[in-house]
Amino acid sequence: MSNQPINILAIESSCDDTSAAVISNGTVLSNLVATQKVHEQYGGVVPEMASRAHMQKIVPVVEVALKEAGISKSELTAVAFTQSPGLIGSLLVGACFAKAYAQALNLPLLAVHHMQAHVLAHFIDKPHPEFPFLCLTVSGGHTQIVLCRSHLDMEVIGETQDDAAGEAFDKTAKMLGLPYPGGPLVDKLAQAGNPHKYTFPISDIKDYGFSFSGVKTAVLYFLQEQKKNNPAFVEENINDICASVQHTIIQTLLRKFEHAAKEYGVQHLGIAGGVSANSGLRAGFAEMCAKNGWQAHIPQFQYCTDNAAMIGITGYYKFLNGDFADLSVSPTAKANWQ
Ligand code: KG4
Ligand code: ZN
């Protein structure tokens, strides 16, 4: 192999963020994220609008990512993109762009699994986790405990049976009349509330599984009941409600994660995905690791929520492994990486 740096242009378009990044030899040179505002008024992501917004944004976002990185097209080594999972129309925009770009510049293509990329976001900043590494990935669509034996050898040892942790945050926010995406707002309000004021059930699914549909229903019935007696209940108690629901979600996650870490005997643990931006989860996770003498890895905020830098770092390890895709590759809405 030559001494030329490995410069990867990475594209992420699985949901409502249009993102492009440039990674050089595993170091992030730029990471641009254009979050689509069009969905706010609908209380959730509207797939067709997301695809259209990706089409409008992808060219300018890539141009700025290259400019900020100070890398020209001719200096690129490969193009990485999110192949799965996600909204199919949104994935198609990123995949078509990446394929066309790679073909025009005669560059190899790297097809990346979004959930694997959330885990590998831990290998952007140093110190990197050591293997075996156990990662709790908590996003808007997934909740998984992933055992990593190496960068690309990963196994999902437990996941949610129904809603994801992010959905539990977003649906709670919706019931409280907060705008989408509700997770960050629940986090903010919870900081001024009492997490022990109200009690909601903590599910206990077999092995390392999770369930969040029960807490959602419990919150719904609780609010209906309270509002019968006091129509202003939500407005008067919103901080305590947010803090109590958040506490329940965090306890559900951390009890299982701690159990899994003990059973697998790992020393290095991490949290990843959009919900890992939650201040309560970050603090609770750090405390759990300190108590057990484990090494806690918590990514910077910008690498928790969807971003192309994590696609780029995954592409980098795939490149080193010679794991290239050809132009016949298609995106898929749902797929395992194994
Ligand atoms: O990983 P991500 O950006 O997108 C997916 O792949 O789904 O995760 C988005 C999810 C949303 O449910 C959002 O409400 C949640 O992450 N989220 C948070 C916080 N920031 C983002 N949930 C709780 N607290 C936060 N601070
Ligand atoms: Zn994600």
Side-chain angles (χ1 to χ4, degrees), residues 10-19 21 31 33-36 39-40 43-45 47 50 81-87 90-91 94 112-122 135-144 146 159-160 163-176 178-191 193 195 210 212 215-216 242-254 270-285 298-311 313-314 333-335 337:
I11 312 288
E12 153 62 30
S13 71
S14 63
C15 191
D16 58 343
D17 294 299
T18 314
S19 183
N31 179 39
V33 183
T35 300
Q36 303 172 359
H39 310 287
E40 274 171 14
V45 177
F81 71 99
T82 307
Q83 189 212 348
S84 182
L87 301 171
S90 295
L91 289 167
V112 171
H113 193 284
H114 183 89
M115 299 314 293
Q116 192 165 34
H118 269 304
V119 176
L120 290 178
H122 282 283
C135 187
L136 173 72
T137 314
V138 271
S139 71
H142 293 78
T143 303
Q144 302 180 323
V146 184
E159 61 189 327
T160 184
D163 290 357
E167 270 174 287
F169 273 102
D170 295 339
K171 286 177 180 168
T172 297
K174 202 166 187 176
M175 287 187 253
L176 297 174
L178 300 171
Y180 179 87
L185 283 168
V186 171
D187 184 358
K188 195 167 163 222
L189 297 172
Q191 289 173 33
F210 298 100
F212 289 101
V215 66
K216 173 188 69 185
C242 287
S244 301
V245 177
Q246 178 172 300
H247 177 72
T248 308
I249 297 171
I250 294 171
Q251 288 308 309
T252 310
L253 292 168
L254 292 182
I271 50 174
V275 180
S276 68
N278 182 270
S279 58
L281 179 61
R282 291 165 92 90
F285 169 64
I298 304 179
Q300 285 187 54
F301 287 109
Q302 58 170 326
Y303 302 135
C304 290
T305 45
D306 287 351
N307 67 89
M310 68 183 194
I311 305 301
I313 198 81
T314 309
K334 276 190 184 162
W337 65 69

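What you are looking at is a predicted structure, and each value in this text was computed from that prediction instead of being measured. Whatever order the structure lists them in is the order used to number ligands and atoms, beginning at 1.
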* Asked: What residues come within 4.0 Å of ligand 1, counting heavy atoms only?
  -> His114, His118, Ser139, Gly140, Gly141, Gly166, Phe169, Asp170, Gly183, Pro184, Asp187, Gly273, Gly274, Val275, Ala277, Asn278, Thr305, Asp306
* State whether a side-chain donor-acceptor pair under 3.5 Å links Thr82 with Glu12. => yes
* To do: May I ask you to determine how many protein N/O/S atoms are under 2.8 Å from the Zn ion (ligand 2)?
  => 3
* To do: Sort out for me which residue in Val45, Val186, Asp170 forms a side-chain contact (heavy atoms from CB on, under 4.5 Å) with Pro181.
  => Asp170
* Asked: Are the side chain of Thr143 and the backbone of Ala165 linked by a donor-acceptor contact shorter than 3.5 Å?
  -> yes
* Test item: Asp187 side-chain N/O and Ser279 main-chain N/O as donor-acceptor pair under 3.5 Å -> yes
* **Minimum heavy-atom distance Cys15-Asp306, with the two atoms named** => CB-OD2, 4.3 Å
* Angle class for the His114/His118 ring planes (parallel below 30°, perpendicular above 60°, tilted otherwise)? -> perpendicular
* Is the backbone N or O of Tyr180 less than 3.5 Å from a side-chain atom of His39, with the two atoms forming a donor-acceptor pair by type? -> no
* Asked: Does a side chain donor of either Asn307 or Ser19 reach within less than 3.5 Å of an acceptor in the other side chain?
  -> no
* Can you name the one residue among Leu189, Thr172, Asn278 that meets side-chain contact (heavy atoms from CB on, under 4.5 Å) with Gln246? -> Asn278
